[in-house]
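Here's the structure, in structure tokens; my notes come after.
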Amino acid sequence: MIALIDCNNFYASCERVFNPALVNKLIVVLSNNDGCVIARSNEAKALGIPMGAAYFEYEAFMKANGVEIFSCNFPLYGDMSWRVMRTLEQFSPNIEIYSIDEAFLQPSVALCEGGLITLENYGEKMRSTVFRHTGIPISVGIAPTKTLAKVANKIAKKDKEHNGVFVLQKENEINKILNNFDINDIWGIGRRLTKKLNAYGIYTALQLKNMSDPWIKKNLSITGLRTVWELRGIPCLELEDIPTTSKSIMTSRSFKHPLTEKSDLQEAVATFASISAEKLREEKLTAFAVNVFITTGHFAKKHYGASNTMSLSMSSNYSADIISSALLALDKMYKKSYGYKQAGVMLVGLQAEEKTQFTLFADQKKHEKQKKLAHSIDLVNDRWGREAIFFAAVGKNKKWVTKPLRHSPRYTTNWKELPVAKANYM
DNA sequence: TCTGGGGTCCTAGGACCC
DNA sequence: TCTGGGGTCCTAGGACCC
């Protein structure tokens, strides 16, 4: 059996933990640049604000309905996530942190299979403990496979009578649930495949479960076949409780106002390259190549987009190497008289730092010096904030950075923003 | 005026090899 | 002149996830 734990309306719940006046209020959290809605409380969902709604289209409607609006506060959400996951780890050593607000976990064999506690009670215990430790409400779905645990979780969240925990185990019960389960809600079946399957008259998870293997393989590829087997209770997706190393690292942003000056774009790309290099060092990896993309976005009248990959002469995680390659890649693509809405830097060909192969003419002494320098820079920036020290190419103008409108304080990661602490010292 | 940011996996097709 | 068959590697694009 496998459990899926999912935090309810995670970002909205995080905002509520530190501001109890928000309980039962309508809350939405906006994306970077306050562009669109990325999280909603149940009340805001009920009002009919869709996920991804453009803020400018819904602003008046939300204000008229008293919706509390927040710019996203990822330092807070990341830290709250960390607390939730640490609490869950107390319940089982076999846990896979799947996303910022989700984890798969193998229920403790000693407790559950020994019959000391039912799976329902086990789930309830997780729920009450996480809430007590963090203030975050969660839902728990337990079933024989990951895909069915996802189904169970959805039921736990939707049907209030289950009190946030739902166990799906018996074949006839599984079929009953799947018969009323929309294929679009199955983990792994997205918009496109739903449309395709609908065209064949397949609408429910049970219908899909009963299709033949060759048909599934032909129409949905091997990935789809795995999903279907999982619906049949045959595990095809392992619990990945040993974290795998990243295969790519990306930093990208949309700009509130389109950038036309090359120098602004260069600053942005250098900044993204620098942040990516930092992430690379944090994970103790190096990259073989740097990919840069720029685009005017679909909404532009005059559309242009390009991407370019530069190989590094030697795999590296040194900011200057990454930045200079990124700028070179940008040079090859940049075209005048376009307004660029988005850019990004992706590092690929990642490899463990200690496996670095020196090329024939590589200067190992210089390499060691750079490594020490990078380490010192990281330490300073860790202590004094990102970009306390930075490479000149990253720049200071930052015309492309926009201040978020309504940020909540970083309650858990920054003393200065803690309202209680402030009150005490005043 | 204003539309997120990060990832993964799979497949088809081209280039190249013997 | 005729023009096989099997394999690998790489990349772009499509699909999905949160």
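Worth saying up front: this structure is predicted, and the values here are computed from it rather than measured. Convention: sequence-line order gives letters A, B, ...; per-chain numbering from 1.
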| query | Please give, in whole Å, the distance from B:dG4 P to A:F10 CZ? | reply | 22 Å
| field | Candidate nucleotides B:dC10, C:dC17, B:dG6, ranked by approach to the side chain of A:M250 - the nearest | value | B:dG6
| query | How long is the line joining OH of A:Y77 and C1' of B:dG6, in whole Å? | reply | 16 Å
| Taking OP1 and OP2 of C:dA15, is either one under 4.0 Å from a side-chain nitrogen or oxygen of A:S221? | no
| query | Between B:dC10, C:dC18, B:dG5, which nucleotide has the shortest distance from any of its atoms to the side chain of A:T223? | reply | B:dC10
| request: Describe the nucleic acid contact of A:L220 in one word from base, sugar-phosphate, nothing, applying a heavy-atom distance below 4.0 Å. | output: nothing
| Heavy atoms from other residues, nucleotides or ligands near NZ of A:K63 exceed 12 (cutoff 6.0 Å) | yes
| query | Over how many whole Å does the gap from A:L225 atom CG to B:dC10 atom P extend? | reply | 12 Å
| query | Taking for each residue the nucleotide of DNA chain B with the nearest heavy atom, is it A:D34 or A:E283 whose nucleotide lies nearer the 5' end? | reply | A:D34
| task | Can you figure out which of B:dG5, C:dC16, B:dC2 approaches the side chain of A:R192 most closely? | result | C:dC16
| message | Heavy atoms from C-beta onward define the side chain here; which of C:dC18, B:dG4, B:dG5 lies closest to that of A:I38? | response | B:dG4
| said: Taking A:D331 first and then A:K262, would you say they form a salt bridge - that is, a charged N and a carboxylate O separated by under 4.0 Å? | reply: yes
| said: Could you tell me how far apart A:F293 (CZ) and C:dT11 (C1') are, to the nearest whole angstrom? | reply: 18 Å
| task | Answer yes or no: does atom NZ of A:K302 have more than 12 heavy-atom neighbours from other residues, nucleotides or ligands under 6.0 Å? | result | yes
| Distance between P atoms of B:dC2 and C:dC18 (Å, rounded) | 30 Å
| request: Would you classify A:F255 as touching base, sugar-phosphate or nothing, given that sugar-phosphate means primed atoms plus P, OP1 and OP2, and contacts are heavy atoms under 4.0 Å? | output: sugar-phosphate
| field | Phosphate-side-chain proximity, A:K150 and C:dC18, N/O vs OP1/OP2 below 4.0 Å | value | yes
| said: What I'd like to find out is whether the side chain of A:S408 reaches to under 4.5 Å of the side chain of A:N73, using heavy atoms alone. | reply: yes
| query | Closest to the A:R253 side chain: B:dC2, B:dG7, B:dG6? | reply | B:dG6
| message | In this structure, how many angstroms lie between the C1' atom of C:dA12 and the CG atom of A:N308, rounded? | response | 14 Å
| message | Would A:K371 pass as a cation-pi partner of A:Y318, given that its NZ or CZ must be under 6.0 Å from the six-membered ring centre and within 45 degrees of the axis? | response | no
| query | Side chain of A:P258: nearest nucleotide among C:dA15, B:dG7, B:dC2? | reply | B:dC2
| Derivation and outcome, salt bridge (Lys or Arg N to Asp or Glu O under 4.0 Å), residues A:K146 and A:E96 | CA-CA 11 Å; A:K146 280 183 164 181; A:E96 171 189 345; 2.7 Å; yes
| query | Out of C:dC18, B:dG5, B:dC10, which has the shortest distance to the side chain of A:R226? | reply | B:dC10
| field | Test of ring centre spacing under 6.0 Å for A:W187 and A:F104 | value | yes
| Across the strands shown, which category fits A:K196 at heavy-atom distances under 4.0 angstrom: base, sugar-phosphate, nothing? | nothing
| message | Side-chain N or O of A:S252 versus OP1/OP2 of B:dG6: is the shortest distance under 4.0 Å? | response | yes
| request: Between B:dT8, B:dC2, B:dG6, spot the one nearest the side chain of A:K247, thanks. | output: B:dT8
| query | Which part of the nucleic acid does A:E102 contact within heavy-atom distance under 4.0 Å: base, sugar-phosphate only, or nothing? | reply | sugar-phosphate
| message | Under 4.0 Å, counting only non-hydrogen atoms across every strand here, what does A:I189 touch: a base, just sugar-phosphate, or nothing? | response | sugar-phosphate
| task | Under 4.0 Å between any heavy atoms, over every strand shown, what does A:F299 touch: base, sugar-phosphate, or nothing? Just pick one. | result | base
| Given B:dG5, is OP1 or OP2 found less than 4.0 Å from the side-chain N or O atoms of A:T251? | no
| message | By nearest atom, which of the nucleotides B:dG4, B:dC2, B:dG5 is closest to the A:S31 side chain? | response | B:dG4
| field | Rounded distance in Å - CG (A:N291) to P (B:dG7) | value | 13 Å
| field | Rounded distance (Å) that lies between atom P of C:dG13 and atom CE of A:M346 | value | 13 Å
| query | Closer to the 5' end of DNA chain B via nearest nucleotide, is it A:I249 or A:N32? | reply | A:N32
| said: Just the rounded figure in Å: distance from C1' of B:dG5 to CD1 of A:I275. | reply: 12 Å
| In the strands shown, is B:dC18 matched to any nucleotide by a Watson-Crick or G-U wobble pair with both distances under 3.5 Å, and which? | C:dG5
| Using a cut-off of 4.0 Å on non-hydrogen atoms, how would the nucleic acid contact of A:L193 be classed: base, sugar-phosphate, or nothing? | sugar-phosphate
| request: Tell me which nucleotide among B:dG5, B:dC10, B:dC2 gets nearest to the side chain of A:Q342. | output: B:dG5
